[in-house]
Amino acid sequence: MPKHARLRQAILDAVEACELPVDTKLAGKRELSEQLGLSLGTTQKALGRLMDAGFFERRQGHGSFVGSSRIYLPASRFARLLRMAAKRLADTNLQAVLATEFSAPTLHSEGLARMVPLDVTDALLMGVPAGTMGLQVDITGHSFGRQAISFHQMHIPPTPYALKFDFNPPSAGSATL
């Protein structure tokens with residue numbers, strides 16, 4: 001197995017073993033390369049593939065974190081996103097891209113929340129046993145004419161904290177959920 005694939009698998013194993021729970025900040029690529037005695041290219045390839053698969057999320061100016069988030073967009077309207085360069089979409093607010101590139105700003109959002117048993121993948125990422133009850137939040141973003149343009153699903157592990165949801169943009173010109 002190539003080194004990048006072994007590193008990718010080792011990271012996935014650490015997530016499954018709850019050694020890297022959801023929201024854990026990852027070491028930088030250079031630091032990780034030095035710690036493991038691997039080339040920067042090998043580390044970048046492993047982390048890039050995990051990022052593409054949605055196991056990690058990049059937060060502008062803060063680094064990469066173990067994440068668990070999904071967003072669905074209708075292919076009939078947004079197929080061109082697949083042809084856009086990944087580099088151009090990295091570290092980008094997707095709602096801003098939809099607004100500027102597709103004339104589809106998110107003008108209104110609504111959400112539903114319900115308790116569900118967490119599936120194996122989500123549970124592993126969150127560091128809880130599969131089947132643990134968690135909160136599933138489904139958010140639908142609407143554009144002009146109340147047309148649904150995005151669907152975002154979040155899974156939240158059990159928490160003793162109160163959660164506040166505000167699904168509407170803070171101002172009429174905003175393009176965020």
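Numbers for residues simply follow the sequence, beginning at 1.
In plain terms, the two heavy atoms of Pro117 and Gly131 that are nearest each other are CB-O, 3.7 Å. Closest approach of Phe102 and Arg77 over heavy atoms only: O-NH2, 3.0 Å. Closest approach of Pro157 and Leu118 over heavy atoms only: CA-CD1, 4.4 Å. Between Ile149 and Ala104 the shortest heavy-atom distance is CD1-O, 3.3 Å. When all heavy atoms are compared, the tightest approach of Ser143 to Pro105 is OG-O, 2.8 Å. Residues Thr43 and Ser33 approach most closely at OG1-OG, 2.7 Å, considering heavy atoms.
Put simply, the side chain of Leu81 reaches to within 4.5 Å of the side chain of Leu98, judged on heavy atoms.
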Determine, step by step, whether Val116 and His155 satisfy the side chain to side chain contact (heavy atoms under 4.5 Å, CB included) criterion, reporting the C-alpha distance in whole Å, the side-chain angles of both residues, the deciding distance to 0.1 Å, and the verdict.
CA-CA 9 Å; Val116 299; His155 290 102; 4.2 Å; yes
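The CE atom of Met115 sits 6.0 Å away from atom CG of Leu135, with the distance rounded to the nearest 0.5 Å. The CD atom of Gln136 sits 10.0 Å away from the CD1 atom of Ile156 when rounded to the nearest 0.5 Å. Rounded to the nearest 0.5 Å, atoms CG (Leu40) and NZ (Lys45) are 13.5 Å apart. Remark: His4 NE2 to Leu47 CG distance equals 12.0 Å, nearest 0.5 Å. Taking CG of Asp138 as the reference point, atom CD of Glu110 lies at 11.0 Å (rounded to 0.5 Å).
Ala5 pairs by the side-chain contact (heavy atoms from CB on, under 4.5 Å) definition with Met1, Pro2, Arg8, not counting sequence neighbours. Applying the side-chain contact (heavy atoms from CB on, under 4.5 Å) criterion to Leu36, with sequence neighbours excluded, gives Leu7, Leu32, Leu38. Every residue meeting the side-chain contact (heavy atoms from CB on, under 4.5 Å) condition with Tyr161, not counting sequence neighbours, appears here in chain and number order: Thr159.
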